[in-house]
Each structure stands twice: as C-alpha cells, then as structure tokens.
S.K.: 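Quick one: the structure is below, questions incoming.
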Amino acid sequence: MTLTTHATLGAVIGHTVGTPFLAFLFGFISHFLIDVIPHGDTGLADNYKIHKVKRKTALAYVMVDGIVALFFVLMIANTRDIEMMNAYTWGIIGGVLPDLIVGLYEITKTPLLRWFNTLHFAFHDFFVKRKGDVPLYYAILAQVVLIAYLQTKL
Ligand SMILES: [Zn+2]
C-alpha cells in the first residue's frame, strides 16, 4: 500500500484506541494486514530488484509516496482538532514503520533485518504470488477512495 494509506489507517487506529502504545501496536499490525490486499506495486518492486534501468522510476515512486504521506498527515494535523495527538502520531509511526525497516534492509542488507524483510513480504506477496497483481493505476484509485473515507473518521 502507499505510505499515505498506511499513515492514514494508523492515524485512524490511534484516534480509535486513544493510547500511544496501543496506537503503535495496532498501527504496526495493520500494516501487514492491509498489505496482504494486492495493490499493484509488484512491478515496481521487480523494476527495482531486477531491471536496473527502471530503478529510478521505482525510487521516484517511493519518494513521491513518502512526501505525499508527510503532507497529508501534516495537513490533517493542522486543519483538524485532533484530540489525542500522541495516539495519532504513534498510530502513524506504527503504520509506516514496517516499510522503513524494509527500506533499511534494502540499503544495508544486514542479517539483523532479513527475517523482518522476509516476514513483510510473506504478507505483502501472499495473494499476489498466487493470484497475480492488480494494475497500479486502479490500486492507487482504490487507495484514494479508501483514504478519503478513512480521513472522515479523524
Ligand atoms: Zn509494507
């Protein structure tokens, strides 16, 4: 999923559970559960791993994704009366942290994070490897709809 989707879901979870620790924990778990849904980015990951020429596109996607997520959660924080800012924040951190760890593993290839990377992609690729992926364009549209719905819960 896009980081904006993970962040927004984490924020809603934080808002719902109300305590920073549970916000972080459930936000973190939510990442794996929602990543199971095929969301069109298998081609991007393969571009990064296999086709070195298309690597720039994959990296640009991640960069745009991260900055859009940052703008979105800051916009909500600055335009809404968020009651429990701590829980909102920790829900977002839990929601996006798995992708940060995967990114750190990709950069460092450290054996310390290999198990986590494997776990992450066990969830991420669960249906995609069996049934195939959906087109990225539709997956992003679906996520825009999901985010539009989720932000009404904040
Ligand atoms: Zn992920």
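Atoms within each ligand, like the ligands themselves, are counted from 1 in listed order. Computed over heavy atoms, backbone and side chain alike; hydrogens, waters and symmetry mates excluded.
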S.K.: Closest to the Zn ion (ligand 1), which N/O/S atom of D99 is it?
M.R.: OD1
S.K.: Closer than 2.8 Å to the Zn ion (ligand 1), do we get an N, O or S atom from H124, backbone or side chain?
M.R.: no
S.K.: Do H39 and D133 pair up side chain to side chain, a donor and an acceptor below 3.5 Å, judged on atom types alone?
M.R.: no
S.K.: For F21, is the CZ atom crowded, meaning more than 12 foreign heavy atoms sit under 6.0 Å from it?
M.R.: no
S.K.: Think R130 forms a cation-pi with F126, using NZ or CZ under 6.0 Å from the six-ring centre and within 45 degrees of its axis?
M.R.: yes
S.K.: Angle at the Zn ion (ligand 1): provide the value between NE2 of H31 and NE2 of H120, rounding to 10 degrees.
M.R.: 110°
S.K.: Please find out if the Zn ion (ligand 1) and some N, O or S atom of H6 are separated by less than 2.8 Å.
M.R.: no
S.K.: Check whether any side-chain heavy atom of L97 lies under 4.5 Å from a side-chain heavy atom of F24, and answer yes or no.
M.R.: yes
S.K.: Can you name the N, O or S atom of D35 that is closest to the Zn ion (ligand 1)?
M.R.: OD2
S.K.: Give me the ring orientation class for H124 and F121: parallel if the planes are under 30° apart, tilted from 30 to 60°, perpendicular past 60°.
M.R.: perpendicular
